[in-house]
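Have a look at the structure below, then the notes.
A, B, ... follow the sequence lines: proteins, then strands. Residue 1 opens every chain. Quantities reported herein were computed from a predicted structural model and do not represent experimental measurements.
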Number of protein chains: 2
Amino acid sequence: MNANTYHAEAVKDLSKVFKVLSEPNRIRILMSMGLECAPVSAIIARTGLSQTNVSFHLRVLREAGLVKGERNGSFIFYCLYDTKLLEILSGLTDWREASQKARESEYTQSA
Amino acid sequence: MNANTYHAEAVKDLSKVFKVLSEPNRIRILMSMGLECAPVSAIIARTGLSQTNVSFHLRVLREAGLVKGERNGSFIFYCLYDTKLLEILSGLTDWREASQKARESEYTQSA
DNA sequence: CATTCATATGCGCTATTACTCATATGTGTA
DNA sequence: TACACATATGAGTAATAGCGCATATGAATG
(Lines give C-alpha, C1' and ligand atoms only; values in the text may rest on other atoms or scores of the structure.)
Protein backbone atom coordinates (compact mmCIF):
# COMPACT_ATOMS: atom_id res chain seq x y z
CA MET A 1 0.00 0.00 0.00
CA ASN A 2 1.76 3.08 -1.29
CA ALA A 3 0.78 6.71 -1.36
CA ASN A 4 -1.45 6.16 -4.37
CA THR A 5 -3.63 3.49 -2.87
CA TYR A 6 -3.79 5.43 0.35
CA HIS A 7 -5.35 8.42 -1.38
CA ALA A 8 -7.41 6.29 -3.73
CA GLU A 9 -10.75 7.15 -2.16
CA ALA A 10 -9.96 10.84 -1.95
CA VAL A 11 -8.86 10.91 -5.56
CA LYS A 12 -12.02 9.15 -6.59
CA ASP A 13 -14.28 11.59 -4.79
CA LEU A 14 -12.27 14.60 -5.88
CA SER A 15 -12.42 13.63 -9.53
CA LYS A 16 -16.17 13.19 -9.24
CA VAL A 17 -16.58 16.66 -7.79
CA PHE A 18 -14.38 18.10 -10.50
CA LYS A 19 -16.36 16.31 -13.16
CA VAL A 20 -19.56 17.78 -11.83
CA LEU A 21 -18.00 21.23 -11.76
CA SER A 22 -16.56 20.88 -15.26
CA GLU A 23 -19.84 21.91 -16.82
CA PRO A 24 -20.04 25.70 -17.34
CA ASN A 25 -23.80 25.73 -16.93
CA ARG A 26 -23.52 23.93 -13.61
CA ILE A 27 -21.09 26.54 -12.35
CA ARG A 28 -23.49 29.23 -13.49
CA ILE A 29 -26.31 27.50 -11.64
CA LEU A 30 -24.24 27.33 -8.46
CA MET A 31 -23.27 30.97 -8.75
CA SER A 32 -26.85 31.99 -9.49
CA MET A 33 -27.98 30.40 -6.24
CA GLY A 34 -25.51 32.30 -4.16
CA LEU A 35 -26.09 32.23 -0.43
CA GLU A 36 -29.84 31.87 -0.55
CA CYS A 37 -32.21 29.14 -1.65
CA ALA A 38 -34.13 29.60 -4.85
CA PRO A 39 -36.90 27.72 -6.65
CA VAL A 40 -36.04 26.03 -9.92
CA SER A 41 -38.04 28.61 -11.83
CA ALA A 42 -35.76 31.34 -10.49
CA ILE A 43 -32.67 29.43 -11.58
CA ILE A 44 -34.19 28.97 -15.02
CA ALA A 45 -34.84 32.71 -15.26
CA ARG A 46 -31.38 33.68 -14.05
CA THR A 47 -29.45 31.31 -16.28
CA GLY A 48 -31.66 31.35 -19.34
CA LEU A 49 -31.38 27.57 -19.62
CA SER A 50 -34.27 25.31 -20.51
CA GLN A 51 -36.36 23.76 -17.74
CA THR A 52 -35.33 20.27 -18.73
CA ASN A 53 -31.69 21.20 -18.75
CA VAL A 54 -31.76 22.93 -15.37
CA SER A 55 -33.56 19.95 -13.88
CA PHE A 56 -30.94 17.66 -15.34
CA HIS A 57 -28.03 19.65 -13.95
CA LEU A 58 -29.68 20.06 -10.57
CA ARG A 59 -29.92 16.33 -10.24
CA VAL A 60 -26.23 15.95 -11.01
CA LEU A 61 -25.36 18.64 -8.48
CA ARG A 62 -27.66 17.05 -5.92
CA GLU A 63 -26.25 13.57 -6.34
CA ALA A 64 -22.76 14.98 -5.93
CA GLY A 65 -23.78 16.54 -2.62
CA LEU A 66 -23.17 20.08 -3.82
CA VAL A 67 -26.77 21.30 -3.56
CA LYS A 68 -29.89 20.22 -1.75
CA GLY A 69 -33.53 20.70 -2.59
CA GLU A 70 -36.47 21.19 -0.27
CA ARG A 71 -40.07 21.21 -1.30
CA ASN A 72 -42.15 24.19 -0.25
CA GLY A 73 -45.67 23.94 -1.59
CA SER A 74 -45.49 23.34 -5.30
CA PHE A 75 -42.00 24.84 -5.47
CA ILE A 76 -38.74 23.10 -4.77
CA PHE A 77 -36.09 25.39 -3.34
CA TYR A 78 -32.52 24.57 -4.11
CA CYS A 79 -29.52 25.86 -2.22
CA LEU A 80 -25.83 25.14 -1.86
CA TYR A 81 -25.20 22.24 0.45
CA ASP A 82 -22.24 24.18 1.83
CA THR A 83 -21.89 27.85 1.01
CA LYS A 84 -18.16 27.48 1.39
CA LEU A 85 -18.29 26.27 -2.19
CA LEU A 86 -18.73 29.88 -3.25
CA GLU A 87 -15.48 30.85 -1.55
CA ILE A 88 -13.74 27.91 -3.16
CA LEU A 89 -14.96 28.95 -6.59
CA SER A 90 -13.91 32.56 -6.17
CA GLY A 91 -10.60 31.48 -4.66
CA LEU A 92 -9.87 29.32 -7.68
CA THR A 93 -10.91 32.09 -10.02
CA ASP A 94 -8.46 34.46 -8.37
CA TRP A 95 -5.76 31.81 -8.49
CA ARG A 96 -6.23 31.28 -12.21
CA GLU A 97 -6.39 34.97 -13.03
CA ALA A 98 -3.23 35.62 -11.08
CA SER A 99 -1.22 33.13 -13.09
CA GLN A 100 -2.91 33.78 -16.41
CA LYS A 101 -0.45 36.34 -17.68
CA ALA A 102 2.51 34.22 -16.68
CA ARG A 103 1.01 31.25 -18.50
CA GLU A 104 0.34 33.28 -21.61
CA SER A 105 3.88 34.59 -21.88
CA GLU A 106 5.67 31.42 -20.87
CA TYR A 107 6.21 28.48 -23.14
CA THR A 108 5.41 25.47 -20.91
CA GLN A 109 5.93 23.19 -23.84
CA SER A 110 7.29 19.71 -23.88
CA ALA A 111 10.08 19.51 -26.42
CA MET B 1 -24.62 42.72 -19.28
CA ASN B 2 -25.67 40.98 -16.11
CA ALA B 3 -23.72 39.07 -13.51
CA ASN B 4 -23.58 36.00 -15.71
CA THR B 5 -21.94 37.64 -18.68
CA TYR B 6 -19.60 39.45 -16.36
CA HIS B 7 -18.23 36.18 -15.01
CA ALA B 8 -18.43 34.45 -18.37
CA GLU B 9 -14.70 34.28 -18.91
CA ALA B 10 -14.00 33.11 -15.39
CA VAL B 11 -16.66 30.43 -15.64
CA LYS B 12 -15.20 29.28 -18.93
CA ASP B 13 -11.70 28.97 -17.56
CA LEU B 14 -12.84 27.41 -14.32
CA SER B 15 -14.86 24.75 -16.08
CA LYS B 16 -11.85 23.93 -18.23
CA VAL B 17 -9.64 23.49 -15.19
CA PHE B 18 -12.27 21.34 -13.52
CA LYS B 19 -12.58 19.23 -16.63
CA VAL B 20 -8.86 18.62 -16.66
CA LEU B 21 -8.95 17.72 -12.98
CA SER B 22 -11.94 15.43 -13.42
CA GLU B 23 -9.73 12.58 -14.54
CA PRO B 24 -8.56 10.44 -11.58
CA ASN B 25 -5.31 9.53 -13.32
CA ARG B 26 -4.51 13.17 -13.90
CA ILE B 27 -4.98 13.89 -10.22
CA ARG B 28 -2.71 10.98 -9.42
CA ILE B 29 -0.11 12.34 -11.81
CA LEU B 30 -0.26 15.75 -10.19
CA MET B 31 0.02 14.27 -6.73
CA SER B 32 2.87 12.02 -7.81
CA MET B 33 4.85 15.06 -8.93
CA GLY B 34 4.52 16.80 -5.63
CA LEU B 35 6.80 19.75 -5.06
CA GLU B 36 9.64 18.56 -7.25
CA CYS B 37 10.09 18.06 -10.95
CA ALA B 38 10.21 14.52 -12.28
CA PRO B 39 10.92 12.93 -15.64
CA VAL B 40 8.08 11.18 -17.41
CA SER B 41 9.60 7.79 -16.69
CA ALA B 42 9.34 8.48 -12.96
CA ILE B 43 5.68 9.44 -13.31
CA ILE B 44 5.05 6.25 -15.26
CA ALA B 45 6.70 4.22 -12.50
CA ARG B 46 4.83 5.96 -9.69
CA THR B 47 1.39 5.76 -11.26
CA GLY B 48 1.68 2.44 -13.05
CA LEU B 49 0.06 3.93 -16.14
CA SER B 50 1.20 3.22 -19.67
CA GLN B 51 3.70 5.52 -21.32
CA THR B 52 1.18 6.52 -23.96
CA ASN B 53 -1.41 7.32 -21.38
CA VAL B 54 0.92 9.38 -19.20
CA SER B 55 2.08 11.31 -22.23
CA PHE B 56 -1.51 11.96 -23.20
CA HIS B 57 -2.49 13.23 -19.77
CA LEU B 58 0.64 15.34 -19.45
CA ARG B 59 -0.25 17.14 -22.62
CA VAL B 60 -3.71 17.90 -21.29
CA LEU B 61 -2.28 19.14 -18.01
CA ARG B 62 0.31 21.22 -19.85
CA GLU B 63 -2.19 22.84 -22.18
CA ALA B 64 -4.32 23.74 -19.17
CA GLY B 65 -1.36 25.49 -17.60
CA LEU B 66 -1.25 23.16 -14.61
CA VAL B 67 2.18 21.65 -15.30
CA LYS B 68 5.21 22.61 -17.31
CA GLY B 69 7.87 20.48 -18.92
CA GLU B 70 11.55 21.24 -19.39
CA ARG B 71 13.95 19.17 -21.38
CA ASN B 72 17.13 18.07 -19.67
CA GLY B 73 19.23 15.91 -21.92
CA SER B 74 17.09 13.11 -23.23
CA PHE B 75 14.68 13.48 -20.29
CA ILE B 76 11.81 15.88 -19.97
CA PHE B 77 11.13 16.97 -16.43
CA TYR B 78 7.60 17.87 -15.54
CA CYS B 79 6.56 19.88 -12.51
CA LEU B 80 3.52 21.70 -11.22
CA TYR B 81 3.19 25.12 -12.76
CA ASP B 82 2.15 26.41 -9.37
CA THR B 83 2.69 24.23 -6.32
CA LYS B 84 -0.25 25.96 -4.70
CA LEU B 85 -2.31 23.44 -6.63
CA LEU B 86 -1.29 20.83 -4.08
CA GLU B 87 -2.74 22.93 -1.26
CA ILE B 88 -5.91 23.42 -3.26
CA LEU B 89 -6.28 19.70 -3.80
CA SER B 90 -5.71 18.83 -0.16
CA GLY B 91 -7.98 21.66 0.91
CA LEU B 92 -10.78 20.32 -1.25
CA THR B 93 -10.17 16.80 0.02
CA ASP B 94 -10.53 17.99 3.59
CA TRP B 95 -13.65 19.93 2.67
CA ARG B 96 -15.28 16.87 1.12
CA GLU B 97 -14.30 14.53 3.91
CA ALA B 98 -15.66 16.93 6.50
CA SER B 99 -19.12 16.95 4.95
CA GLN B 100 -19.16 13.34 3.82
CA LYS B 101 -20.95 11.95 6.84
CA ALA B 102 -23.56 14.67 6.74
CA ARG B 103 -24.15 14.00 3.06
CA GLU B 104 -24.49 10.29 3.62
CA SER B 105 -27.05 10.62 6.40
CA GLU B 106 -29.05 13.46 4.90
CA TYR B 107 -31.58 13.07 2.18
CA THR B 108 -30.81 15.97 -0.16
CA GLN B 109 -33.47 14.71 -2.48
CA SER B 110 -35.78 16.67 -4.68
CA ALA B 111 -39.32 15.50 -4.09
C1' DC C 1 25.91 7.48 -39.03
C1' DA C 2 23.53 3.69 -36.66
C1' DT C 3 21.49 2.38 -32.54
C1' DT C 4 19.27 2.98 -28.24
C1' DC C 5 16.55 5.31 -25.00
C1' DA C 6 12.90 8.87 -23.66
C1' DT C 7 8.89 10.90 -25.05
C1' DA C 8 5.25 12.47 -28.29
C1' DT C 9 1.64 11.75 -31.80
C1' DG C 10 -1.97 9.74 -35.09
C1' DC C 11 -5.61 6.34 -35.47
C1' DG C 12 -9.51 3.62 -34.30
C1' DC C 13 -12.60 2.00 -30.75
C1' DT C 14 -15.71 2.38 -26.93
C1' DA C 15 -17.98 4.68 -23.19
C1' DT C 16 -19.82 8.74 -21.36
C1' DT C 17 -22.33 13.02 -21.46
C1' DA C 18 -25.03 17.19 -22.48
C1' DC C 19 -28.84 18.34 -24.87
C1' DT C 20 -33.85 18.47 -26.68
C1' DC C 21 -38.46 16.59 -27.08
C1' DA C 22 -42.16 14.38 -25.12
C1' DT C 23 -44.25 12.79 -21.12
C1' DA C 24 -44.91 11.72 -16.23
C1' DT C 25 -45.30 13.03 -11.32
C1' DG C 26 -46.75 15.82 -7.71
C1' DT C 27 -48.94 19.99 -5.57
C1' DG C 28 -52.50 23.55 -5.09
C1' DT C 29 -57.07 25.19 -6.26
C1' DA C 30 -61.72 25.72 -8.12
C1' DT D 1 -62.59 15.45 -9.47
C1' DA D 2 -60.63 18.30 -12.96
C1' DC D 3 -57.35 21.52 -14.17
C1' DA D 4 -53.15 24.40 -14.01
C1' DC D 5 -48.59 24.94 -12.57
C1' DA D 6 -43.78 23.37 -11.00
C1' DT D 7 -40.57 20.02 -11.60
C1' DA D 8 -38.72 15.40 -12.78
C1' DT D 9 -37.75 11.59 -15.92
C1' DG D 10 -37.07 8.61 -20.13
C1' DA D 11 -35.64 8.12 -25.04
C1' DG D 12 -32.79 9.34 -28.73
C1' DT D 13 -28.79 11.80 -30.66
C1' DA D 14 -24.44 14.07 -31.48
C1' DA D 15 -20.13 15.32 -29.56
C1' DT D 16 -16.25 14.29 -26.65
C1' DA D 17 -12.76 11.73 -24.01
C1' DG D 18 -9.80 7.98 -22.51
C1' DC D 19 -7.37 4.06 -23.88
C1' DG D 20 -4.06 0.94 -26.49
C1' DC D 21 -1.43 0.03 -30.59
C1' DA D 22 1.75 1.40 -33.77
C1' DT D 23 4.86 4.78 -35.15
C1' DA D 24 7.43 9.17 -35.21
C1' DT D 25 10.65 12.53 -33.17
C1' DG D 26 14.59 13.85 -30.78
C1' DA D 27 18.76 13.33 -27.89
C1' DA D 28 22.88 10.69 -26.45
C1' DT D 29 26.47 7.40 -27.39
C1' DG D 30 29.31 4.21 -29.74
Side-chain angles (χ1 to χ4, degrees), chain A residues 4 11-30 32-33 37-64 66-79 107-111, chain B residues 4 8 11-12 14-30 32-33 37-64 66-79 107-111:
Chain A
N4 291 328
V11 168
K12 213 171 177 180
D13 179 74
L14 262 193
S15 64
K16 278 182 187 170
V17 176
F18 285 136
K19 191 167 208 168
V20 170
L21 293 173
S22 69
E23 239 296 310
N25 287 332
R26 282 200 278 267
I27 298 183
R28 292 177 58 213
I29 288 175
L30 291 173
S32 82
M33 292 195 298
C37 299
V40 180
S41 51
I43 298 173
I44 293 171
R46 292 172 189 167
T47 58
L49 299 174
S50 74
Q51 182 265 318
T52 303
N53 202 8
V54 169
S55 228
F56 168 73
H57 286 310
L58 281 177
R59 168 148 72 156
V60 176
L61 290 167
R62 198 191 334 129
E63 289 177 346
L66 296 180
V67 306
K68 55 183 171 183
E70 284 180 15
R71 173 147 244 149
N72 190 332
S74 57
F75 292 82
I76 299 179
F77 283 74
Y78 276 92
C79 30
Y107 258 27
T108 70
Q109 62 186 9
S110 63
Chain B
N4 291 327
V11 168
K12 214 171 176 180
L14 262 193
S15 64
K16 279 183 186 169
V17 175
F18 285 137
K19 190 167 208 169
V20 170
L21 293 174
S22 70
E23 240 296 310
N25 287 332
R26 283 200 278 268
I27 297 182
R28 293 176 57 212
I29 289 174
L30 291 174
S32 81
M33 291 195 299
C37 299
V40 181
S41 51
I43 298 174
I44 293 171
R46 291 172 190 168
T47 59
L49 299 174
S50 74
Q51 183 265 320
T52 303
N53 202 9
V54 169
S55 226
F56 168 73
H57 286 310
L58 281 177
R59 168 148 72 157
V60 176
L61 290 167
R62 198 191 334 129
E63 288 177 347
L66 296 181
V67 306
K68 54 184 171 182
E70 284 180 16
R71 174 147 243 149
N72 190 332
S74 57
F75 291 82
I76 299 179
F77 283 74
Y78 276 92
C79 30
Y107 259 27
T108 69
Q109 62 187 8
S110 64

Given [options], which nucleotide is nearest the side-chain atoms of [X]?
{"X": "A/Asn25", "options": "D/dA6, D/dC19, C/dC19", "value": "C/dC19"}
{"X": "A/Pro39", "options": "D/dC19, D/dT7, D/dA27", "value": "D/dT7"}
{"X": "A/Ile76", "options": "D/dA6, D/dA8, C/dA8", "value": "D/dA8"}
{"X": "B/Asn53", "options": "C/dA18, D/dG20, D/dT7", "value": "D/dG20"}
{"X": "A/Arg59", "options": "D/dT9, C/dG10, D/dG18", "value": "D/dT9"}
{"X": "A/Ser74", "options": "C/dA18, D/dG20, D/dA6", "value": "D/dA6"}

Nearest-0.5 Å distance that lies between atom [atom1] in [X] and atom [atom2] in [Y]:
{"X": "A/Leu30", "Y": "A/Ile43", "atom1": "CG", "atom2": "CD1", "result": "9.0 Å"}
{"X": "A/Thr47", "Y": "A/Ile27", "atom1": "OG1", "atom2": "CD1", "result": "13.5 Å"}
{"X": "B/Arg28", "Y": "B/Leu49", "atom1": "CZ", "atom2": "CG", "result": "5.0 Å"}

So what does A/Ser55 hit on the nucleic acid, given a heavy-atom distance under 4.0 Å: a base, only sugar-phosphate, or nothing?
->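 It contacts base atoms.
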Could you tell me which residues satisfy side-chain contact (heavy atoms from CB on, under 4.5 Å) with B/Ser50, sequence neighbours excluded, listed by chain and number?
->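 Scan of B/Ser50 (side-chain contact (heavy atoms from CB on, under 4.5 Å), adjacent residues dropped) gives B/Thr52, B/Asn53.
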State which residues pass side-chain contact (heavy atoms from CB on, under 4.5 Å) with A/Ala42; sequence neighbours excluded, sorted by chain then number.
->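 Once residues adjacent in sequence are excluded, the partners of A/Ala42 under the side-chain contact (heavy atoms from CB on, under 4.5 Å) criterion are A/Ala38, A/Pro39, A/Arg46.
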side-chain N/O A/His57 vs C/dC19 OP1/OP2, d < 4.0 Å =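 Checking C/dC19 against A/His57, a side-chain N or O does come within under 4.0 Å of OP1 or OP2.
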Once you build an axis from the first five pairs and another from the last five of the helix from C/dC1-D/dG30 to C/dA30-D/dT1, how far apart in angle are they, to 10 degrees?
->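 End axes: 10° apart.
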Using a cut-off of strictly less than 4.0 Å between a heavy atom of the residue and any atom of DNA chain D, enumerate the qualifying residues of residues 14-24 of chain B by number.
->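 The answer is B/Lys19, B/Glu23.
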Between the protein and nucleotides 22-25 of chain C, list the N/O to N/O atom pairs that are separated by less than 3.5 angstrom.
from, atom 1, to, atom 2, distance (Å)
C/dA22, N6, A/Thr52, OG1, 3.3

Using residues 15-24 of chain A as the side-chain source, report each donor-acceptor pair under 3.5 Å to any protein atom, sequence neighbours left out, with the distance given to one decimal.
from, atom 1, to, atom 2, distance (Å)
A/Ser15, OG, A/Val11, O, 3.2
A/Ser15, OG, A/Lys12, O, 2.8
A/Ser22, OG, A/Lys19, O, 2.6
A/Glu23, OE1, A/Asn25, N, 3.4

